[in-house]
Every structure is written in C-alpha cells, then in structure tokens.
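Okay, so here's the structure we're looking at.
Please read all numbers here as calculations on a predicted model, not as lab measurements. The chain is numbered in sequence order, starting from 1.
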Amino acid sequence: MRYINIEEIAARWNLSVRSVRNYCASGRIEGAKIEAGKWLVPENAVKPIRKIRSNKIPNSIAKRLVFEMEHKLTGGLYHILQIDFTYNSNHIEGSRLTHDQTRYIFETNTIGLSEEALPVDDIIETANHFRCIDFIIKNYNKQLTESFIKELHSMLKAGTSDSRKGWFAVGDYKKLANEVGGLNTTLPSDVGEAMRRLLEEYKSQESKTLESLLDFHYKFEIIHPFQDGNGRIGRLILFKECLKHGILPFVIEENLKLFYYRGLNEWKKEHGYLLGTCETEQDKFKRLVEYFRNK
C-alpha cells in the first residue's frame, strides 16, 4: 500500500493540514500511521464525514454574563471576556495596546506606564469596545437589525479621530469605496440594499447553527458596510448571535488570525477552515466556562 503525507491529502480533500492531522490523531482515517514523527495516510484513504457538533449551551451562560455585568463582579467570566475579547479583536485590526494595558483600562480606567508612544485612537477604541460588549450582552436576545448594527458601530468609533472626519460616517454605512484583503467590497450606493437582503435571508432561517452564523459573518465582511471597524463589529455580532441561539460562543485570538483570515477567504469553496478555527476557540471558551461553573 502506498502512503502519502498529510499535506498532499489535505490539498486533495480541500481541508487544512491541521484538520487532517486531527482526523489522524482521533483515528478517523483508517490506516493512518506515524513515521519519523510525521503522519502518513493511505493513498486511497476516504475523507471522513464532518461530525455535526452541537456545542449547544443553556441560556444560563448568557444570563450569567448579564448577572456579572450588572453586579460589576470582578475576576469572573464577564471580567475575563471583556479583557480577552477586546484585546484580541482590536489586536487583529492593528491595535498596539498590550494585554496588560487593555486590562488596566478595564480595571482602573488608566493606561499604565509605557515607554512607547501609543495612538490615542487605540485607547479610545479599547474603552469603546468594552461598552460594545456590554451592549451585546444586555441585548443578546434582541433581533439583529440594521439599527442595532449601526448603533454598535457608533459606540465603537465614538470620539475617535475618524469621528472628526467629514467623510467618515460614524454609525452609518460607508460613503467611500473600500476593500478587504485585496478584494473589492460592496459599493457604498449598494450597501443599504445588500444589508437588507442579508438580514432578511438570515431572519428567514428556521434554526441557527455555527455554520449558518459563520455564513452570515462571511457575507457581512464581504459587504464591508462601514468605512472602518467592520471586523470588530462582525465579531461582536457573531458573539451576540451565539448567545441568542444557545451556541457556544468564542473569541478569535490574535495568534489565530491568519487561520481566521484564511477561513474567510476560502469560505465559498470550503467551510472547514473557518469552522475548524472557530471550533478550536469554542473548546477554549468551554474550558473557561466549565472552570467557573466548578467554582
């Protein structure tokens, strides 16, 4: 029997190497073996069928976040979420604040000492992102609408240098064409109609799964409705909708941003890249939830 490496089989199956490695490790590829520290699989191996992951959680997680937020509890799930979500989402978009500086802003409303000059917008948008998280937790059960999404954007960009630019529409759709990752996005004149169609399509789905939420996220990012802040708004919406529909939420960490970007770029051809990245982050959030439940 001829064996091939997992890079070759990943390309053949249109999967990430990481996914194939996980399949091997979990025994889902018959005949897979390790030689010289590397996985090899039979040339005629059959692509495993993706398991349907429920990752359903009771709304008690959302209610716990609401409770901790309203009672201003420190050191709990809400506290950690605020810092980790804000740090990672802003860092993906180029913020230069460290995790500790993000923590200081949340805990003490100060920035802490730094030898490096920091952009004021990074500090303002960090404080604003904390407010955005409070907003989605408080309103996690509400229907997703254009006005809700615009209000999120208004919170995120309030008081920034962008808000003082006449052509920058804070809390409203973009006025100038933009791109993302070298790809053209929806033209400003077409954004309103594109967003209405997207929300109607999303609303018409009888049930929501992680895959359907990610499909919405991908389409939102392709429209790129705002002049700036689309990635952070999109990830905030994704977290809110996970809470609303009882799907285990997650935070995309900065160290996985290349996998996250690749997943978005490949979504039309293969859902596995983005699903795999988000499922990895779900597993991390699940461990965090279980730790606080045990406590």
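Annotation: the span from L274 atom CG to E279 atom CD amounts to 9.5 Å, rounded to 0.5 Å. With values rounded to the nearest 0.5 angstrom, N128 atom CG is found 9.0 Å from S154 atom OG. Between C24 atom SG and E30 atom CD the span is 12.5 Å, to the nearest 0.5 Å. In this structure, L210 CG and D215 CG are separated by 11.0 Å, a value rounded to the nearest 0.5 Å. Separating the CG atom in D122 from the CD atom in Q101 is a distance of 9.5 Å, to the nearest 0.5 Å. One distance of note links CG of L40 with CZ of R2; it measures 10.5 Å at 0.5 Å rounding.
Donor-acceptor pairing under 3.5 Å is recorded for the side chains of D134 and Q82. A side-chain N or O of H129 and one of T86 form a donor-acceptor pair less than 3.5 Å apart. Checked by atom type, the side-chain pair K174/T186 shows no donor-acceptor distance below 3.5 Å. Checked by atom type, the side-chain pair H79/E107 shows a donor-acceptor distance below 3.5 Å. Remark: the Y260 side chain and the E281 side chain contain no N/O donor-acceptor pair separated by less than 3.5 Å. For the residue pair T280/R18, the side-chain donor-acceptor check at 3.5 Å is satisfied.
Heavy atoms only, all atoms of each residue included: I247 and T209 are closest at CD1-C, 3.5 Å. Across D162 and F168, no two heavy atoms sit closer than the pair O-CB, 3.3 Å. Residues E93 and G231 approach most closely at OE2-CA, 3.8 Å, considering heavy atoms. Taking both residues in full, the closest heavy atoms of C278 and I252 are given as SG-CD1, 4.0 Å, listed atom of the first, atom of the second, then distance. Counting all heavy atoms, side chain and backbone alike, W267 lies closest to L214 at CH2-CB, 3.7 Å. Nearest heavy atoms, R96 versus P119: NH1-CG, 3.8 Å.
V20 and V46 fall into different hydrophobic clusters, where Ile, Leu, Val, Met, Phe, Trp and Tyr residues are linked whenever their side-chain heavy atoms come under 4.5 Å apart, directly or through other members. Hydrophobic clustering (side-chain heavy atoms under 4.5 Å, transitive across Ile, Leu, Val, Met, Phe, Trp, Tyr) groups I61 together with I237. Cluster annotation: F259 and Y273 are assigned to distinct hydrophobic clusters (Ile/Leu/Val/Met/Phe/Trp/Tyr, side-chain heavy-atom contacts under 4.5 Å, transitive). L264 and L183 sit in two unconnected hydrophobic clusters of ILVMFWY residues. Membership requires side-chain heavy atoms under 4.5 Å apart, directly or through other members. When the side chains of ILVMFWY residues are joined at heavy-atom separations under 4.5 Å, either directly or via intervening members, V180 and L156 end up in two distinct hydrophobic clusters.
Counting heavy atoms from C-beta outward, I233 and F220 have side chains that approach closer than 4.5 Å. Between S16 and T277, the closest side-chain pair of non-hydrogen atoms is not below 4.5 Å. Inter-residue side-chain proximity for L65 and L243 is flagged as met; some heavy-atom pair is nearer than 4.5 Å. Taking the side chain as every heavy atom from C-beta outward, I137 and L81 approach each other to under 4.5 Å. Residues I105 and F130 are in side-chain contact: their nearest non-hydrogen atoms beyond the backbone lie under 4.5 Å apart. Taking the side chain as every heavy atom from C-beta outward, S161 and V120 never approach each other to under 4.5 Å. The closest side-chain heavy-atom distance from Y140 to E241 is not below 4.5 Å. For the pair T102/D84, no side-chain contact is recorded, criterion being any heavy-atom separation below 4.5 Å from C-beta on.
At least one donor-acceptor pair under 3.5 Å links the side chain of Q227 to the backbone N or O of K175. Looking at S19, its side chain never comes within 3.5 Å of a backbone N or O of L15 through a donor-acceptor pair. Proximity of a side-chain donor or acceptor of E8 to a complementary backbone N or O of N5 within less than 3.5 Å is not detected. In this structure, the side chain of E146 does not engage the main chain of M195 through any donor-acceptor pair within 3.5 Å. Judged purely by atom type and a 3.5 angstrom limit, N88 has no side-chain atom pairing as donor or acceptor with the backbone of E253. A donor-acceptor contact shorter than 3.5 Å is absent between the side chain of H245 and the backbone of C242. A donor-acceptor contact shorter than 3.5 Å links the side chain of K244 to the backbone of N141. Within the 3.5 Å criterion, the main-chain N or O of I222 finds no donor-acceptor partner in the side chain of T185. Between the side chain of N90 and the backbone N or O of S95 there is no donor-acceptor pair closer than 3.5 Å. No donor-acceptor pair under 3.5 Å is formed between the side chain of N139 and the backbone N or O of K142.
Partners of R262 according to the salt bridge (Lys or Arg N to Asp or Glu O under 4.0 Å) rule, which considers only residues two or more places apart in sequence or in another chain, do not exist here. Not counting sequence neighbours, H91 has no partner by the side-chain hydrogen bond (donor to acceptor under 3.5 Å, both in side chains) test.
The pair R197-E193 counts as a salt bridge, with a side-chain nitrogen and a carboxylate oxygen less than 4.0 angstrom apart. Ion pair K203/E201 not flagged as a salt bridge, since none of the NZ, NE, NH1 or NH2 atoms sits closer than 4.0 Å to an Asp/Glu carboxylate oxygen. At a threshold of 4.0 Å, the pair R64-E68 counts as salt-bridged, since one of the basic side-chain nitrogens sits closer than that to a carboxylate oxygen.
Pairs passing the ring-ring contact (aromatic ring centres under 6.0 Å, His included) check and including a residue from residues 143-162, sequence neighbours excluded, read F135-F148, H153-F226.
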message = I'd like to know whether S89 forms a side-chain hydrogen bond (donor to acceptor under 3.5 Å, both in side chains) with R235, so could you lay out the CA-CA distance, the side-chain angles of the two residues, the decisive distance to 0.1 Å, and finally the verdict.
response = CA-CA 8 Å; S89 201; R235 290 186 289 275; 2.9 Å; yes
request  = Go through the steps to decide whether D121 and T160 satisfy the test side-chain hydrogen bond (donor to acceptor under 3.5 Å, both in side chains), and finish with yes or no.
outcome  = CA-CA 5 Å; D121 279 352; T160 63; 4.9 Å; no
request  = Test E125 against K157 for salt bridge (charged side-chain N to carboxylate O under 4.0 Å, His left out), laying out the working first.
outcome  = CA-CA 7 Å; E125 289 183 354; K157 301 300 291 186; 2.6 Å; yes
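Both tests do not hold together for R103 against Y87: distance to the six-membered ring centre under 6.0 Å, angle to the ring axis within 45°. K150 forms a cation-pi arrangement with Y173, by the criterion of a distance under 6.0 Å to the ring centre and an angle within 45° of the ring axis.
In this structure, F285 has its ring center no closer than 6.0 Å to that of F250.
The aromatic rings of F239 and F85 sit tilted relative to each other, their planes meeting at an angle between 30° and 60°.
Atom CG of N44 sits in a crowded spot, with more than 12 heavy atoms from other residues, nucleotides or ligands closer than 6.0 Å.
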